[in-house]
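In what follows, a structure is listed as structure tokens, so that the remarks can point back to it.
All values below come from the heavy atoms of this structure, side chains included, with hydrogens, waters and symmetry mates left out. Below, chain A is the first sequence line, B the second, and so on; all start at residue 1. Worth saying up front: this structure is predicted, and the values here are computed from it rather than measured.
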There are 2 protein chains.
Amino acid sequence: MDEVDTAILAALQDDARRTNKEIAQSLGIAPSTCHERTRSLVRRGVIRGFRAEVDLPALNRGVQALVSVQIRPLHRSVIDGFQDFASGRPEILSSYVLAGADDFVLHVAVQDLDHLHAFLVDRLSKRKEVAGFRTSVVYRQARATAVTALEAPGGG
Amino acid sequence: MDEVDTAILAALQDDARRTNKEIAQSLGIAPSTCHERTRSLVRRGVIRGFRAEVDLPALNRGVQALVSVQIRPLHRSVIDGFQDFASGRPEILSSYVLAGADDFVLHVAVQDLDHLHAFLVDRLSKRKEVAGFRTSVVYRQARATAVTALEAPGGG
DNA sequence: AGTGAAACGGATTGTGT
DNA sequence: ACACAATCCGTTTCACT
């Protein structure tokens, strides 16, 4: 992970369709070099994949919320079962399994507040393992443009 | 957003480097048709962009956490200022502005627990507007493979 | 809006330095 | 690691339906 790798990674996180030629030129290296570096990043697993990013409002998902959920009993089978449930629900973008007071956080995106309420009371509350939950509507979200490598844990 | 648009969207969310030819073939349509559909999705803003997805452990970011933060006073300028701070910190992947008891949730990814602690006590606690925070370490995360459109709010 | 074909350009590979 | 060149293949455009 030198400077060139980092720059390529930043470029592809910003726009995965940027051509190899363009990136090479912007970095002042040969296209063949840039190409091999990019292949290496994929081969080493630094790049997990290339994905299209969708606009949630355009898909009738103008309302987002983070839902903190407590699960009981806190057994592996129950946790796995709830995560399977979460993976199967179209409303849920991602789910986090946590340490601490909350066992799960669900990132949901739905049409409007009515549908959020319906999801919470008709779907989530119906689950036997759900001991409680707390909902926070998302006003705004900001994401890092490019995720960069941090210093090695030992070498920092 | 008909069936073809949805299928193209799903394919590109799964792998943005899938070729137009491949997608067209899998859907049983002509490459030129598929190409125009994809262009339309981008033009209409349904596709916000194409991004490389990175592997956090490969970038020395093996520890993730969600940090709920309370901010005071709750003025626009303070909220915007804190969000700017969040956008500038390399540890932070994304930040959410919320309704409810928590004003912010920060999704952070750092090398290890030592660095998480250091970020919390050296960076976050130092901010005057931070009235309190609660940290949940992430054990696991699951993301939806493809985000699909939901029924229109009025027509459902 | 969809199709087929033709032109264009970048990806990919191999060779040599 | 870099540069060059040559092939391959997908993208892109266009005329037609």
- What residues in residues 2-22 of chain B put a non-hydrogen atom under 4.0 Å from any atom of DNA chain D? B/Thr19, B/Asn20, B/Lys21
- Query: What is the distance from CD of A/Glu36 to C1' of C/dG10, rounded to the nearest Å?
  - Reply: 17 Å
- Message: Using whole Å, what does the distance between atom C1' of nucleotide C/dG10 and atom CD of A/Gln25 come to?
- Response: 13 Å
- Message: Side chains of B/His117 and B/Asp114 only: does a donor on one sit below 3.5 Å from an acceptor on the other?
- Response: no
- Closest to the B/His35 side chain, choosing from D/dT13, C/dT3, D/dC4: D/dT13
- Query: Counting only distance, no hydrogens or angles, is the base of D/dA1 paired donor-acceptor with the side chain of A/Thr33 under 3.5 Å?
  - Reply: no
- Item | Side chain of B/Arg39 (C-beta onward), nearest among C/dT3, D/dC4, D/dT13 | D/dT13
- Item | Residues A/Arg140, B/Asp80: salt bridge by 4.0 Å N-O rule | yes
- Please lay out, stage by stage, how A/Asp102 and A/Gln70 fare under the test side-chain hydrogen bond (donor to acceptor under 3.5 Å, both in side chains). CA-CA 5 Å; A/Asp102 299 321; A/Gln70 290 87 46; 2.6 Å; yes
- Determine, using the 4.5 Å side-chain heavy-atom cutoff (strictly less than), whether A/Ile8 and A/Phe50 are members of one ILVMFWY cluster. yes
- Item | Nearest-neighbour nucleotide for the B/Arg37 side chain, C/dG2, D/dT13, D/dC2 considered | C/dG2
- Task: With sequence neighbours left out, write down each residue that passes ring pair (Phe, Tyr, Trp, His ring centres under 6.0 Å) with A/Phe85, or none if nothing qualifies.
- Result: A/Phe82
- Item | Salt-bridge criterion met for B/Arg17 and B/Glu22 (N-O under 4.0 Å) | no
